[in-house]
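Working notes, beginning with the structure itself.
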Amino acid sequence: MSAADRKAILAKVSEMAARPLRTLAMAVKEDVGELADYDGPAHPAHKKLTDVNKFEAIEKDMVFVGLCGIKDPARPEVKPAIESCATAGIRVIMITGDTKPTAEAIAREIGIFAPKESIDGRSFTGAEFFELPPAKRIELLSSHRASMVFSRTEPRDKQELVKILRQAGEVPAMTGDGVNDAPALKQAAIGIAMGIAGTEVAKEAADMILADDNFATIVAAVEEGRSIYSNMKAFIRYLISSNIGEVASIFLTALLGLPEGLIPVQLLWVNLVTDGPPATALGFNPPDADIMKKPPRSGDDQLITPWVFFRYMVVGLYVGFATVGVFAYWYIFYDWSEYGQPLVSYAHLSHWGKCENFGDLYPNDPYAPDFTTWAKNGGEDYSSKPCEYLTAGKRTASTLSLSVLVTIEMFNALNALSEDGSLLQMP
């Protein structure tokens, strides 16, 4: 084979690899000597086929007959899955044993690289990359969020790449199916083996096994994981803010010196019935429409940050003030209803424990309740027992408090659907 022939063949190999095709060269040996009439293990020359030291003697002076290109097409769902990874802030790094042109062509075909995108500093063979100084390797892997391709890699290269990513503070998930992938699967934060084509060694080394050997399933699992975490936050967001509201209502009642707005049975009802079903429903909510458009959270992110807790407190205090406020409103201002109950001043309400005789406590008080008129209109006469008007006579006021508390908590359940999204945008 002349130098020109060799150059032409290698040029064709490069052309086919860029299509991308995995390329095999075919050759035959015309003069096989003693093996010309080979008919099985009983043949005298059979030992030449069992002794590896004799292979060289057989596999020389061969005649090149052509090239064979093998197309291993990616599944149609892979490209959309990689696009989802890009919008979700997940880097896709392809590590393969293919030639560099083939790997780059496949990467462009499935969307790791854009068709006309510059890939300078993002595509390396294993040998090229590990010839670089350690500091430069870390910089190339961790100084950006762009996808990369490594071709002609060895098993130890895969493991070393995963190790560098972990040292840089990344959370790498590694997929593979062969024995040579096992060290990298073990090294990764999340090792994912193929359930159908994967070897037992790879499955043993992995943390997770894909039942359908489909890359898109990994992306779906990421979406499901984000959905579970989001629903957990919604569950916590609703329960904590609601319970802060209930505690605030009791605390404010004691702080302001008012009668208890909610009796124990009402509080128990709120905890069992009002809090339970909405919180459970939030735990099974479908994922947000933009859940795969948000960047991934850091591994050391706090579930409840100071800002989030402040938001809980704002909602809780609002619930508390509304619940206590409507209770006080009934006694002090609520004169436009059909009840026609006698109104009292805030001073009366906040000193309900000293109300044996409003007249003695507040002489010439224009706000002293007129129980006689109310009794004439069908109400109960509390003239001789004014304290009971603020305790036993608080049925309607307590009902108002409970109704406001329940109503606000139902709206709070809707508010808890999303941490930042408007209810008008939520499904």
Side-chain angles (χ1 to χ4, degrees), residues 88 220-255 258 260-327 329 394-395 397-427:
V222 171
E223 182 178 3
E224 184 68 21
R226 289 187 175 190
S227 175
I228 291 170
Y229 184 75
S230 176
N231 287 346
M232 180 178 70
K233 289 179 71 176
F235 179 93
I236 293 171
R237 185 161 52 242
Y238 172 70
L239 276 185
I240 290 184
S241 58
S242 295
N243 279 280
I244 288 175
E246 293 162 26
V247 171
S249 66
I250 302 301
F251 176 74
L252 288 172
T253 298
L255 185 69
L258 305 180
E260 293 175 354
L262 297 170
I263 62 175
V265 171
Q266 288 173 321
L267 285 172
L268 185 62
W269 173 268
V270 169
N271 270 285
L272 290 178
V273 180
T274 307
D275 288 355
T280 304
L282 287 170
F284 291 95
N285 229 34
D288 294 356
D290 63 344
I291 199 162
M292 289 301 284
K293 295 180 182 177
K294 298 176 181 177
R297 61 187 177 87
S298 173
D300 57 358
D301 274 2
Q302 291 179 307
L303 184 62
I304 301 176
T305 63
W307 166 242
V308 169
F309 186 72
F310 172 75
R311 290 175 63 176
Y312 293 167
M313 290 297 296
V314 168
V315 174
L317 288 174
Y318 174 79
V319 173
F321 276 111
T323 305
V324 174
V326 76
F327 182 87
Y329 180 80
K394 65 180 182 181
R395 288 186 298 272
S398 291
T399 302
L400 282 173
S401 285
L402 179 66
S403 300
V404 167
L405 177 61
V406 170
T407 302
I408 294 179
E409 289 199 358
M410 290 300 99
F411 282 114
N412 190 29
L414 297 175
N415 176 57
L417 279 172
S418 174
E419 188 169 21
D420 301 307
S422 164
L423 184 60
L424 300 176
Q425 300 170 332
M426 295 299 296

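Note that these values count all heavy atoms, side chains included, but never hydrogens, waters or copies made by symmetry.
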For A88 and P296, work out which heavy atoms get closest and say how close. O-CD, 3.1 Å
Who passes ring-ring contact (aromatic ring centres under 6.0 Å, His included) against Y238, sequence neighbours left out? none
Can you name the residues that form a side chain to side chain contact (heavy atoms under 4.5 Å, CB included) with Y318, not counting sequence neighbours? I408
Please check if atom NZ in K294 has more than 12 non-hydrogen atoms from other residues, nucleotides or ligands closer than 6.0 Å. yes
Do other residues, nucleotides or ligands put more than 12 heavy atoms under 6.0 Å from the CZ atom of F321? no
From Y312 OH over to I304 CD1, what is the distance, rounded to the nearest 0.5 angstrom? 5.0 Å
Set of residues satisfying side chain to side chain contact (heavy atoms under 4.5 Å, CB included) with respect to E260, sequence neighbours excluded: K394
Extract all donor-acceptor atom pairs below 3.5 Å that involve side chains of residues 270-283 and protein atoms in other chains or at least two apart in sequence.
residue, atom, partner, partner atom, Å
N271, ND2, E246, OE1, 3.4
N271, ND2, L267, O, 3.1
T280, OG1, G276, O, 2.9

CG of N415 to CZ of R237: how many Å apart, nearest 0.5 Å? 7.5 Å
Minimum heavy-atom separation for A248 and G320, please, with both atom names. CB-CA, 4.0 Å
Salt bridge (Lys or Arg N to Asp or Glu O under 4.0 Å): which pairs involve residues 303-326, sequence neighbours left out? R311-D420
List the residues meeting side chain to side chain donor-acceptor pair (under 3.5 Å) with S401, not counting sequence neighbours, and say none if there are none. none
Looking only at non-hydrogen atoms, find the nearest pair between P287 and E223 and report the distance. CG-OE2, 4.1 Å
Under the ring-ring contact (aromatic ring centres under 6.0 Å, His included) test, residues paired with F310 that sit two or more places apart: W307
Would Y229 and L303 satisfy side chain to side chain contact (heavy atoms under 4.5 Å, CB included), going step by step from the backbone distance to the final call? CA-CA 10 Å; Y229 184 75; L303 184 62; 3.6 Å; yes
Salt bridge (Lys or Arg N to Asp or Glu O under 4.0 Å) partners for E419, two or more places apart: K233
Results of side chain to side chain contact (heavy atoms under 4.5 Å, CB included) for S249 - residues two or more places apart only: L262, T323, V324
Closest contact, heavy atoms only, A416 versus A234: O-CB, 3.2 Å
Q302 and V308: CA distance, side-chain angles, deciding distance, side chain to side chain contact (heavy atoms under 4.5 Å, CB included) verdict: CA-CA 10 Å; Q302 291 179 307; V308 169; over 6 Å; no
Could you measure the distance from the CG atom of L239 to the CD atom of E409? Nearest 0.5 Å is fine. 9.0 Å
Value rounded to 0.5 Å, distance of CG in L252 from CG in L317: 7.0 Å
Apply salt bridge (Lys or Arg N to Asp or Glu O under 4.0 Å) to R226 and list each qualifying residue two or more places apart in sequence or on a separate chain. none
Using atom types as modelled and distance alone, determine if a side-chain donor or acceptor of N231 lies under 3.5 Å from a backbone N or O of N285. yes
